[in-house]
Protein chains: 2
Amino acid sequence: MSTIHSFTEENYLKAIYHLSTGNNSVVSTNQIAEITNTKAASVTDMLKKLAEKKLINYIKYQGVTLTEAGKNAAVNIVRKHRLWEVFLVEKLGFKWDEVHDIAEELEHINSESLINRLDDFLGNPAADPHGDPIPDRSGTIHQKKLVRISDMQQDQNGTISGVSEHSSVFLKLLEKMGLTLGTKIRVSELIEFDGSIILIVNDHADRTISREVAKNILVML
Amino acid sequence: MSTIHSFTEENYLKAIYHLSTGNNSVVSTNQIAEITNTKAASVTDMLKKLAEKKLINYIKYQGVTLTEAGKNAAVNIVRKHRLWEVFLVEKLGFKWDEVHDIAEELEHINSESLINRLDDFLGNPAADPHGDPIPDRSGTIHQKKLVRISDMQQDQNGTISGVSEHSSVFLKLLEKMGLTLGTKIRVSELIEFDGSIILIVNDHADRTISREVAKNILVML
DNA sequence: TATTTTTTTTAGATTAATCTAAAAAATAAA
DNA sequence: TTTATTTTTTAGATTAATCTAAAAAAAATA
C-alpha cells in the first residue's frame with residue numbers, strides 16, 4: 001500500500017501539500033524553505049530526491065506540484081495529524097492550542113491499523129479540534145462550505161466551525177472571548193472606520209473583534 | 001527536566017537498560033550490537049558519544065553501565081513503551097502480540113504532559129499487557145514477586161501474571177492454550193522424561209506445556 | 001606461559017540531511 | 001531591452017549514524 005518515507009521526506013510532502021491548497025498549486029523552493037525552517041539549497045536537494053521517487057513533479061527553476069502518489073502520502077499524514085489532535089483534546093483533555101506540536105510528532109507513526117483503529121475509537125470524527133476536516137481512510141476530504149466572518153453581511157447568522165490561523169495566541173484569544181467551535185454568532189454591526197465587527201454571541205453577549213481576527217474565524221451559515 | 005536525546009541514542013540506552021537487568025549490570029559491545037541490529041564498530045562509536053554525554057560509564061574494552069542520568073532516561077522510555085502498549089490493547093483493541101512494534105515507535109514521542117495524561121487516562125495501570133511493570137512518573141518500578149512455572153512444585157497454585165518472552169509466536173501459543181494473564185493454574189504433574197508440566201487451568205481444563213514454555217510464564221503465588 | 005580465538009576498537013568510507021558561498025536562471029525595474 | 005534584483009541551483013563542507021576491514025586488547029586454550 002503506502003510506501004514508507006523518511007520523517008524528513010514526510011515533512012516536505014506535508015509542506016508542499018499545505019502550500020498548494022487554494023489558488024496556487026505550484027509551490028516555490030523559497031516557500032518550502034520557509035515553512036520547513038531550512039534553506040533553499042537544502043530544499044533543492046530534497047526536491048530532487050522526491051522527484052526521483054515520483055512523489056512530486058519538479059522542473060528546475062519552475063516550482064513543484066505533488067503527483068498522485070505524493071498527494072496520497074501527504075493526505076495520509078494530515079489524516080494522522082488531525083486524528084491525533086482529536087485524541088489529545090477529546091480523550092486526554094488537552095486544550096486546542098496545546099496539541100499541534102505533539103501531533104506533529106505523532107503524525108509520523110507508521111501503522112495503518114493503528115490509525116484506523118484510532119479513527120474508530122474516536123467515533124470517526126469529521127473534523128479536528130480546529131474544525132479542519134479529517135480525510136477518511138480512502139483519502140477523501142469532505143470539506144464543508146465555510147465563510148470568514150469578515151466576509152459576512154450585517155445581521156447574518158452562523159456557527160463558528162473553523163479557524164484559518166492555528167497559533168496558540170490566536171486560539172487562546174478566541175477561547176477567552178468565548179468564540180470556540182460550535183458557538184452561534186450574529187453579525188450585529190460592521191464598523192466602517194477600521195473594519196472591526198460587533199458580534200452577538202449565543203444570542204446575548206456582544207463582542208467586538210478586529211478585522212484581522214474576523215478574517216481567521218470560519219463560520220457555517 | 002529530562003534532556004532530549006536522539007531517537008538512536010534512546011534506542012541504545014534502552015538496549016543497555018534491558019541488558020543490564022538481573023545478574024549482569026555490565027554490558028558488552030557485542031550484546032548491544034546484537035539487540036540493536038548494528039555492528040560492534042557502530043556500537044563503539046555510540047558508546048563514546050553516550051559517555052561524553054555522561055549517560056553511561058564506559059571504559060574501553062570493559063563494557064558499560066548506565067549512569068543515574070542514563071538510567072532515568074531509559075526507564076522513562078520503558079514507561080512510555082508500556083503505557084502505549086496498554087493504550088493499544090485496552091483502548092484500541094489490539095491483541096497482546098501485535099503491539100510491540102507500534103509501541104517501539106510511540107515510545108520516542110517527547111512530551112511529559114502527554115505521557116502523564118495518558119497514564120491518567122488509562123487509570124494509572126501497574127503493568128503492561130504482558131505483565132511487565134510500568135514505572136511511575138518518578139521512575140520507580142513496583143515489581144511484584146513472580147516465579148516461573150518451571151520453578152514451581154507439584155500441586156502449587158498461582159495466577160499467570162507475566163511472560164519473559166515477547167515474541168508473537170509465543171504469545172499466540174499462550175492465547176490458544178488459554179494461558180493468558182490472570183488465568184489461575186495449578187501444577188498437576190511434573191513429567192520427569194522431558195521436564196514438561198501438566199497444568200490444571202481454571203480448576204478444570206488441563207494443558208501440557210513444555211519446559212521451554214514453562215520457563216517463560218511468570219506466576220504470582 | 002605461549003598461542004589461538006574472540007571481542008573490541010580504530011581507520012577510513014558511505015548515506016541522509018543539512019549548511020554557506022558562489023554561479024546561473026528568472027523576474028522586475030529602469 | 002539592458003540592467004538590477006530576486007530566486008534557485010550547484011559546489012563543496014559538515015554532522016549523525018552507519019558500515020567493512022584491519023589492528024589491538026582481552027579471554028580462552030593448549
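Please read these numbers as outputs of a predicted model, since none were measured by experiment. Chain letters run A, B, ... following the sequence lines, proteins first, then strands; residues in each count from 1.
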Subject >> Reading 5' to 3' through nucleotides 7-12 of chain D, protein heavy-atom contacts under 4.0 Å coded B for base, S for sugar-phosphate only, - for none >> reply: SBBB--

Original post:
Hey, what's the ring geometry for B:H108 with B:F7, parallel, tilted or perpendicular (30° and 60° as the breaks)?
Top reply: tilted

**OP:** Evaluate the ring planes of A:H166 and A:H130, with Trp represented by its six-membered ring, and classify them as parallel (under 30°), tilted (30 to 60°) or perpendicular (over 60°).
**Re:** perpendicular

Original post:
Between C:dT18 and A:Y12, is there an OP1 or OP2 to side-chain N/O distance shorter than 4.0 Å?
Top reply: yes

Original post:
Does B:K39 place a side-chain N or O at less than 4.0 Å from the phosphate oxygens OP1/OP2 of D:dT18?
Top reply: no

Measure from the side-chain N and O atoms of [X] to the backbone N and O of [Y], and report whether any donor-acceptor pair falls under 3.5 Å.
X: A:R82; Y: A:I134; answer: no
X: A:T21; Y: A:Y17; answer: no
X: A:E105; Y: B:N110; answer: yes

Original post:
Given that both pair distances must be under 3.5 Å and the pair must be Watson-Crick or G-U, what runs of three or more consecutive pairs involve DNA chain D?
Top reply: C:1-30 with D:1-30

Take atom [atom1] of [X] and atom [atom2] of [N], then tell me their distance rounded to the nearest Å.
X: B:E34; N: C:dT6; atom1: CD; atom2: P; result: 16 Å
X: A:E9; N: C:dT15; atom1: CD; atom2: C1'; result: 13 Å
X: A:E52; N: C:dA16; atom1: CD; atom2: P; result: 11 Å

Subject >> Within 45° cone and under 6.0 Å: A:K91 NZ/CZ vs A:F121 ring >> reply: yes

Subject >> Pair B:S167-B:E165, side-chain donor/acceptor within less than 3.5 Å >> reply: yes

Could you list the donor-acceptor pairs under 3.5 angstrom formed between side-chain atoms of residues 51-60 of chain A and any protein atom two or more places apart in sequence or on another chain?
{"from": "A:K53", "atom 1": "NZ", "to": "A:E9", "atom 2": "OE1", "distance (Å)": "3.1"}
{"from": "A:K53", "atom 1": "NZ", "to": "A:E9", "atom 2": "OE2", "distance (Å)": "2.9"}
{"from": "A:N57", "atom 1": "OD1", "to": "A:T65", "atom 2": "OG1", "distance (Å)": "3.1"}

